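Structure record follows, encoded as structure tokens.
What you see is a predicted model; the values in this text were computed from it and never measured. The figures here come from the full heavy-atom set of this structure, side chains too, leaving out hydrogens, waters and symmetry mates.
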Amino acid sequence: LVFVTTGDAAAVRVRATALADMHNKHDGPKGAMGMMFSATSTAAPAEIANGARIEFAAKDAGDAAKLQTELRMHAGHLTGGTCEM
């Protein structure tokens, strides 16, 4: 997932790191974005120009297609403005 801004890129990076950490620990509020992804993957934040990227990897290669589908769904919600987050 890629998050960019025309504003404070450092703030976006802090939030992306927090999302990845929450996902990896799977410890957070039920409705938080970091808790919405299956625990069968790991997440790592990376800095990019004007924002951050969160790289997800399936723990088991057999789960890669399911993870891709899940990420596309969430990305579509974010892009379409229908995500509750």
Report task. Determine, step by step, whether Asp21 and Leu19 satisfy the side chain to side chain contact (heavy atoms under 4.5 Å, CB included) criterion, reporting the C-alpha distance in whole Å, the side-chain angles of both residues, the deciding distance to 0.1 Å, and the verdict. Result -> CA-CA 5 Å; Asp21 288 344; Leu19 189 158; over 6 Å; no
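- In this structure, the separation between NE2 on His77 and CE on Met36 is 9.5 Å, given to the nearest 0.5 Å.
- A search for side-chain contact (heavy atoms from CB on, under 4.5 Å) contacts involving Asp8 returns Ala10, Ala11, not counting sequence neighbours.
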Validation: residues 44-52 side-chain donor-acceptor distances under 3.5 Å, sequence neighbours left out:
none

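- Legend: residues meeting side chain to side chain donor-acceptor pair (under 3.5 Å) with Thr17, ordered by chain and number and at least two apart, are absent.
- Residue pairs meeting the side-chain hydrogen bond (donor to acceptor under 3.5 Å, both in side chains) criterion with at least one partner in residues 58-71, sequence neighbours excluded, are absent.
- In this view, Met35 and Met22, His26, Ala32 satisfy the side-chain contact (heavy atoms from CB on, under 4.5 Å) rule, not counting sequence neighbours.
- Partners of Thr5 under the side chain to side chain donor-acceptor pair (under 3.5 Å) rule, at least two apart in sequence or in another chain, do not exist in this structure.
- Partners of Thr42 under the side chain to side chain donor-acceptor pair (under 3.5 Å) rule, at least two apart in sequence or in another chain, do not exist in this structure.
- For residues 44-71, every residue pair satisfying the ring pair (Phe, Tyr, Trp, His ring centres under 6.0 Å) rule, not counting sequence neighbours, is listed here: His23-Phe56, Phe37-Phe56.
- Scanning for ring-ring contact (aromatic ring centres under 6.0 Å, His included) contacts around Phe3 gives an empty result, with sequence neighbours left out.
- Across all non-hydrogen atoms, the minimal contact from Ile54 to Ala20 is CG2-CB, 4.3 Å.
- Scanning all heavy atoms of the two residues, the minimum distance from Ala57 to Leu67 falls at C-CD2, 3.7 Å.
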